[in-house]
Amino acid sequence: MARKKKKSLKEHPNLEQLQAMESLYGSTLTVGRLVQQGFVYVFIVSLFSIILYVNVWITVAYALLTAFYVYWVITPYEVRQRYEERSMAQRNRFLNLVTQGMANKNALALNVLRTVVPKVDGEFHDDLETLLAILSSTNDSSDIHQAFLNISSKYHDDFYFGLFMEHFETAILENIYNMETFRVFKTSHDAIMLKQTDFKRQKRLARRNVLIILLMLIIATGILCFVNGFKKYVDWFAHALVGHISSTLFMLLVFIIMHKFFKLFYDDVVTSL
């Protein structure tokens, strides 16, 4: 089964675009959420900075740079990830509801669709409303096929959803379908969604462990720096040129490692369908 890689964010989305994406499934990107999202990263970098430089202004500068990095790099990935998780959940709900409806004796696909659409939320609900409007207004098979093709193409990464919609299209056009086929596609979609959820849970656990390691490194750094006395440390290292150079190189190394980690963390290629 071929897996297509998700397109990267070549054009950086602005705050308005991020707000629009967040709102597609009834959520809001508030200032409080942005602060909560970036607090732990700003806190960790600030601790490193104040220990290494013992300088408030340098620490403030690092905190601001970290806050900007969170907004510019992490926030778009977080918004996109939440959007995809919610969208996937609604498609899975749709597959389950349609399968249940089609299992009823003498079920008509169009009537099942009318029953299911109000039970689905967000952007996917709007997509289904558009599909239903076309199905209710025309009997032209080419128009109906194009309507199904539009919605399948929009979610082209969702392999089993595409197969399910192809079978559902046949049921709409010809009133011919295999109930077991619906069940197989629905069950496969359920299984993949569970695997995605578990994989993302493991990734979040890995992120937590990385942050814990960084905090332990901060503690160890603080102990090593102050073991010979605070004044000696400040005079001989923190406020000395060699200390500034060494600390800056160390902070740069931490940034490079964390940047690579975040690129891997938000890469969901392995979870695409």
Side-chain angles (χ1 to χ4, degrees), residues 6-50 56-57 59-94 117-130 154-155 157-158 193 196-215 218 251 254-255 258-269 271-272:
K6 289 181 174 64
K7 293 180 180 179
S8 60
L9 298 170
K10 292 182 179 179
E11 294 185 5
H12 191 277
N14 57 38
L15 186 58
E16 184 178 345
Q17 291 170 322
L18 293 174
Q19 288 277 19
M21 180 176 286
E22 188 77 8
S23 68
L24 288 173
Y25 284 92
S27 185
T28 305
L29 190 63
T30 62
V31 174
R33 177 171 241 168
L34 290 173
V35 171
Q36 182 182 22
Q37 182 176 280
F39 174 78
V40 65
Y41 305 117
V42 173
F43 177 72
I44 288 174
V45 170
S46 297
L47 281 180
F48 265 125
S49 177
I50 198 67
V56 173
W57 294 112
T59 299
V60 169
Y62 270 112
L64 291 175
L65 285 172
T66 305
F68 177 77
Y69 176 84
V70 171
Y71 167 73
W72 191 257
V73 177
I74 295 179
T75 298
Y77 283 120
E78 282 284 329
V79 171
R80 181 74 185 179
Q81 190 174 78
R82 284 194 296 269
Y83 164 79
E84 291 179 350
E85 288 175 358
R86 293 164 181 166
S87 178
M88 176 70 169
Q90 291 304 312
R91 294 196 301 275
N92 184 258
R93 178 173 173 77
F94 170 77
V117 169
K119 299 177 181 178
V120 179
D121 298 324
E123 180 190 32
F124 186 58
H125 169 84
D126 297 337
D127 295 334
L128 292 178
E129 285 277 17
T130 301
K154 183 173 182 177
Y155 304 104
D157 285 341
D158 197 335
M193 186 171 176
Q196 285 188 351
T197 301
D198 183 62
F199 179 67
K200 288 176 180 178
R201 180 189 62 78
Q202 292 179 36
K203 288 206 301 181
R204 288 174 180 129
L205 180 61
R207 178 176 61 182
R208 189 193 70 176
N209 291 338
V210 167
L211 294 176
I212 290 173
I213 290 171
L214 285 175
L215 286 173
I218 288 172
M251 295 292 281
V254 170
F255 168 78
M258 291 306 299
H259 182 65
K260 289 184 177 180
F261 171 78
F262 285 126
K263 287 185 69 175
L264 292 172
F265 180 81
Y266 290 109
D267 183 3
D268 287 334
V269 172
T271 67
S272 60

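We're numbering straight along the sequence, starting at 1.
The shortest side-chain heavy-atom distance between L264 and K203 does not fall under the 4.5 Å cut-off. Using a 4.5 Å cut-off on side-chain heavy atoms (C-beta onward), I50 and Y62 make no contact. By the 4.5 Å heavy-atom criterion applied to side chains, Q19 and T28 are counted as neighbours. Between L24 and R86, every side-chain heavy-atom pair lies at or beyond the 4.5 Å cut-off. Side-chain contact check for Y69 versus F255: some heavy-atom pair is nearer than 4.5 Å. The side-chain heavy atoms of L29 and L15, taken from C-beta on, include a pair separated by under 4.5 Å. Here the side chains of L205 and N209 are in contact, with some heavy-atom distance below 4.5 Å. Residues R33 and S27 are in side-chain contact: their nearest non-hydrogen atoms beyond the backbone lie under 4.5 Å apart.
Of the possible polar contacts, none joining the R80 side chain to the Y266 backbone as a donor-acceptor pair under 3.5 Å is found. Looking only at distances, no side-chain donor or acceptor of H125 sits under 3.5 Å from a matching main-chain atom of P118.
Around the OH atom of Y25, the shell of radius 6.0 Å holds more than 12 heavy atoms that belong to other residues, nucleotides or ligands.
Annotation: the span from F265 atom CZ to I74 atom CD1 amounts to 9.5 Å, rounded to 0.5 Å. D267 CG to Y77 OH: the interatomic distance, rounded to the nearest 0.5 Å, is 8.5 Å. Here CE of M88 is found 8.0 Å from OG1 of T197. Values are rounded to the nearest 0.5 Å. The line from CD1 of I44 to CD1 of I218 is 5.5 Å long, rounded to the nearest 0.5 Å.
E129 is linked by a salt bridge (Lys or Arg N to Asp or Glu O under 4.0 Å) to nothing, counting only residues two or more places apart in sequence or in another chain. The side chain to side chain contact (heavy atoms under 4.5 Å, CB included) test applied to S46 returns V42, T59, A63, not counting sequence neighbours. Scanning for side-chain hydrogen bond (donor to acceptor under 3.5 Å, both in side chains) contacts around D198 gives R201, Q202, with sequence neighbours left out. With sequence neighbours left out, Y41 forms a side-chain hydrogen bond (donor to acceptor under 3.5 Å, both in side chains) with no residue at all. Evaluation of the salt bridge (Lys or Arg N to Asp or Glu O under 4.0 Å) rule for K154 yields E123, D127 as partners, not counting sequence neighbours.
Residue pairs satisfying the salt bridge (Lys or Arg N to Asp or Glu O under 4.0 Å) criterion with at least one member in residues 61-78, sequence neighbours excluded, are listed as follows: E78-R82, E78-R207.
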CA sep, side-chain torsions, deciding dist, call: F262, V73, side chain to side chain contact (heavy atoms under 4.5 Å, CB included) | CA-CA 9 Å; F262 285 126; V73 177; 5.7 Å; no
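Annotation for G38 and V70: closest pair CA-CG1, 3.7 Å, computed over non-hydrogen atoms. Taking both residues in full, the closest heavy atoms of L214 and M258 are given as CD1-SD, 3.7 Å, listed atom of the first, atom of the second, then distance.
Between R91 and E84 there is no salt bridge, since no side-chain nitrogen of the basic residue lies less than 4.0 Å from a carboxylate oxygen of the acidic one.
The six-membered or imidazole ring of F94 lies near that of F124, with a centre-to-centre distance under 6.0 Å.
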